[in-house]
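FYI, side chains are in, hydrogens and waters are out, and symmetry mates aren't considered; it's all heavy atoms of this structure. We count residues from 1, following the sequence as given.
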Amino acid sequence: FTNDQQAEQAVLALYSRMSQEAIYGRNIFWEQTGANDIVFGRESGSRVPLATLNPTGDTGNLRDIYRYCMQWIASSQWVIQGLEAKRAQTELTAVEERSLGEAYFFRALYHWAIASRHGLGTLGVPFKPWEEYENGYNNEILPQQESVVDNYLYIIADLKKAEELLPWKGSITATYGAADRGRAHKASAIGYQAKVYAYMATWKAECDKRGLKPWNEVESLVNRLENEFGRGLNDSFTELWSSDFSVWWNKECIFSIACSGGSSGQGGITFPGTVL
């Protein structure tokens, strides 16, 4: 990384994955077929095992989420490695520092997407930060963590680093101009910390064994979101359904997938339209 533009372009690639079909564009939501929320309007052979609660490793919707998230964790790792190497030699610019925070944020987000779906209290998912390799990442298969709680601790550590590096100037609209709104900020990192601690708490036996009290952390973080960052419930329920972005960046917003539809391959969230 030699300039701000290179850092921004590398991080924009991480954002672009969010709206693609493999993750929040559609596939992740097909998991709801297991709750009888969907009546198939046409033959959907690869999704039937989800509806019958008998998924296989070849169920595309699950397989693709895992595969792509692992790729995007690697992309995040690459950005982190490059910007941390630069930071060790010289002070980063404001854009580079924000970009590093965004990379930590996305490493956490894609890691959480895998861990929350495939991890157990007694068996985690593969992960190892590249910075833990003594001579740099050696292209090995990442080691499987002993427990998903270990994965969650890694995720929270990344979110704390993101919190340190990401900006916040009192509100979303004050933090980012119109062209950058939708980027992660400090409240995004804190909000996801609360979410991950809540997921961690579901593995109570493992947390008790380690002396972890995740619900205490959730309460503390939510208090911070309310008191330090002005997050909370909107005054009106209708504010959740703005289609023109006039009230989009309201106090309920923590982090959003900034995409307003279309058929360009970055078309926003397909799933609600499919169901409706």
Among F106, Y154, F105, Y199, find the residue that satisfies the ring pair (Phe, Tyr, Trp, His ring centres under 6.0 Å) test when tested with W112. Y199
In V218, L153, N151, the residue satisfying side chain to side chain contact (heavy atoms under 4.5 Å, CB included) with M200 is L153
Tell me whether [Y] is reachable from [X] by hopping between hydrophobic residues (I, L, V, M, F, W, Y) whose side-chain heavy atoms are closer than 4.5 Å.
X	Y	answer
I156	F255	yes
L12	L165	no
V95	L83	no
V148	M70	yes
V48	I65	no

Give a yes or no on whether Q5 atom CD has more than 12 heavy-atom contacts from other residues, nucleotides or ligands under 6.0 Å away.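 Not more than 12 within 6.0 Å, no.
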Indicate whether the side chain of [X] and that of [Y] have a donor and an acceptor atom separated by less than 3.5 Å.
X	Y	value
Y137	Q81	no
E163	Q193	yes
H111	D158	no
S75	Q71	no

May I ask you to say whether [X] pairs ionically with [Y], meaning some side-chain N is under 4.0 Å from a carboxylate O?
X	Y	answer
D235	K251	yes
K161	E164	no
R98	D4	no

Cationic tip of K128 within the cone over Y133's six-membered ring, i.e. under 6.0 Å and within 45° of the normal?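 Yes, K128 lies over the aromatic ring of Y133.
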Y197/Y152 aromatic ring centres below 6.0 Å: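 Ring centres of Y152 and Y197 not closer than 6.0 Å.
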